[in-house]
Amino acid sequence: MSEPSTPTPMLELRGVMKRFGDKIVLDGVDIPVAKGRSLVIIGGSGQGKSVTLKIAIGLMAPDAGQVLVDGKDVTRLPQSERAAHNAQFGMLFQGAALFDSLTIWENVAFRLINADGVPRKLARERAVEALTRVGLAASVADLYPIELSGGMQKRAGLARAVVAAPQIIFFDEPTTGLDPINADVINDLIVEQVKRLGCTAVSITHDMASARKIGDEIAMLHKGKIVWRGPASQIDHSNNPYVDQFVNGRADGPIKVEL
Amino acid sequence: MNVVQAVGRSTLGLLRTAGSVAIFAGRGVSATFSAPWFGGQFLRQTVAIGYLSLPVVGLTAVFTGAALALNIYTGGGRFNAEQIMPQIVALGITRELGPVLAALMLAGRVSAAIAAEIGAMRATEQIDALQTLSTDPFRYLVAPRLLAAVLTLPLLTAVADIIGISGGFLVATSTLNFSGPLYVQNTWNFLTSWDITSGLIKASVFGFIVALMGAYHGYNASGGARGVGRATTHAVVSAAILIFAADYILTSLFSGK
Ligand SMILES: Nc1ncnc2c1ncn2[C@@H]1O[C@H](COP(=O)(O)OP(=O)(O)O)[C@@H](O)[C@H]1O
Ligand SMILES: [Mg+2]
C-alpha cells in the first residue's frame, strides 16, 4: 500500500491519534512523505483532514503518536523552539487567513519583517517579487485583503507561504470556494512554486481535479485511517472501493454519509 | 441532579476557568517582559485604547463630578456641612469614581473590541497563520494590549480626575454660589498625593483586567460568528465584575481594614 519508505522522510506522521471528547477523529495515522514529493490527502468533509494538517504543522498536539520532520521528533517541541522550527514551513490556509489590518505586501512580508528581521524596504521588494510570481500586479501590494477577490486572496496567501523559501509547504483545500477557472490557476501556481522551490508539499482537498494536478501521490483518509495510498496516476485503478466511490462521487458504496 | 452535585460541578467549572485565565495571564505577562517586542503594535494599541477613549472617559467624568457635587451638597446640608462638598467630591473622584468609571467605560469600549478582533482572527485562522509565520500570538497580540492598557488607564484616570473635579467646580460656582478660587484652594489643600496615587494604582490593575478579559475570551473563541459574539459579551461582563471585585480588594488593602 504505502511506498517503500525512503531513508528519512522529510515529514512523517507516525501512529497519530486524536479525539475530541468521545469522537475519535484520527485513529492511528501513518503518513511518511519523501523529500521533494507532493502528497495530497483526500477524504470527505469532517474526516479529519484539517486536523491532520494542524498536527503536522504543530498547531495541535496529537493524543498519541509522533510527528517527525527530517527524522527529528517534533511532537512536543517547547514553545521557545517552535518559532525557529516553523521557519522551514509555509502554509496556505483554506480562507487564505490574511491579516486584515495589514496591507497585502505587509501580509506577504510578515515573516520577513516580524520573525527574520529583514528591513522593511527590502522585505517589500521581496514581497512584490513574490506577488508577481503568483500573477498579482505590484499595484495590489498596497491594498488591504478586504479589497481583493477570493481568488486574489488565495494568490496573496500563496505568495506569503512561499516568500521565505520553505522546505515543506502545506495547502489546506487550496481550491475550495473558487470557480473552476480560478481553481485551475491556483493549481498551476502551486505546482509551479513547489517545483521552483524543490520543496516537499502536503495538501488536503476533496477536489479531485486539484488532487490529480498537484499530487505526485494521493492518500485517502477515512474514519481516522489512511485507507489507500498510491501514485496519483493510479487513482482511477486503485481497486479500492472507498477510493472508487469518492473519485466517482457516488452516493452508494462503503462510505456512508452521516446525516 | 441534586443541589450538591450542581454546586460541586459549577465550583469545579469556576476553578477550571480561573486556572486557565491565570495561565493565560502568565503567558501574557512573560511575553511582555521578554523579546521580541512589537513596538508598532504597542503604539497602535496605545492610540486605540488610550487616546481614542478620551472622549467617553471625559464625558462620563464631567457629568459624574457634577452630579456628585449636587448630591453631596444636598446630603451635607442635612448636617449644615455643605461647605466641605469640594473636599468630598475630590476624594470620591480621585480614590474611587475616577478609576472605576474610566475602567468601566474601557470594559465596554476596549474589552469588547479586543475580544471581537482577536476572536475574529481566531475564527478566520489568522492566529494559526501567525504561528506558522514564526510569530508568537502572545507577543504580537496579547502583550501589546496588556501593556497599553496598564499604562494608559492611569493616564485616562488622571484626566478623569481633573475633568470630574471640574464638573463639581462648574456646578458649585454656577448654581451653588461657591467662590471659584476658594473651591480650588479647598480641594488643593485637602487632597493628599496618596488620594491620587492610590486611584492611579487601581487604574493600572483595572487596565490589566480590561485587556486580559478581552484577549482571553477572544483567543479562546470558538464556533464562528456566534462564538465571537459570545466572546465579546463574556469579555465585557467578566471585566466589569472583576473591576468591582478588584476595587473592593484594593480599597481594603489601601485602607488597611
Ligand atoms: N478544535 C476542535 N474541537 C473540537 N472538534 C474539532 C476541532 N477541530 C476539528 N474538530 C472535529 O474533528 C472532525 C474533523 O474535522 P476536520 O479535520 O476539520 O475535517 P475535514 O476533513 O473536513 O478537514 C470534525 O468532526 C470536527 O468537528
Ligand atoms: Mg478542512
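Reckoned from all heavy atoms, side chains included, excluding hydrogens, waters and symmetry mates.
- One finds the NE2 atom of His217(B) at 4.0 Å from the OG atom of Ser238(B) (value rounded to the nearest 0.5 Å).
- Contact of Phe99(A) with chain B is made through backbone and side chain together, with heavy-atom distances under 4.5 Å.
- Contact residues of residues 139-162 of chain B toward chain A are Tyr140(B) (heavy-atom distance under 4.5 Å).
- No part of Leu112(A) comes within reach of chain B, as not one of its non-hydrogen atoms sits under 4.5 angstrom from that chain.
- Between the OG1 atom in Thr60(B) and the CE atom in Met105(B) there is a gap of 3.5 Å [rounded to 0.5 Å].
- Put simply, CD1 on Ile57(A) and CG on Asn86(A) are 6.5 Å apart, with the number rounded to the nearest 0.5 Å.
- Considering Arg120(A), Arg111(A), Arg124(A) as possible partners of Glu106(A), the one that fulfils the salt bridge (Lys or Arg N to Asp or Glu O under 4.0 Å) test is Arg120(A).
- Taken from OG in Ser101(A) to CD in Glu117(B), the straight-line distance is 6.0 Å, to the nearest 0.5 Å.
- The list of salt bridge (Lys or Arg N to Asp or Glu O under 4.0 Å) pairs with a residue in residues 144-162 of chain A, not counting sequence neighbours, is empty.
- The stretch residues 124-131 of chain B places Thr124(B), Glu125(B), Gln126(B), Asp128(B), Ala129(B), Leu130(B), Gln131(B) near chain A, each with some heavy atom under 4.5 Å from a heavy atom of that chain.
- Proximity to chain B (any heavy atom under 4.5 Å) is shown, for Asp116(A), by neither the backbone nor the side chain.
- Interface remark: Gln79(A) contributes side-chain atoms only to the contact with chain B (heavy atom separation under 4.5 Å).
- Residues of residues 24-43 of chain B placed with any heavy atom under 4.5 Å of a heavy atom in chain A are listed by number as Arg27(B), Phe38(B).
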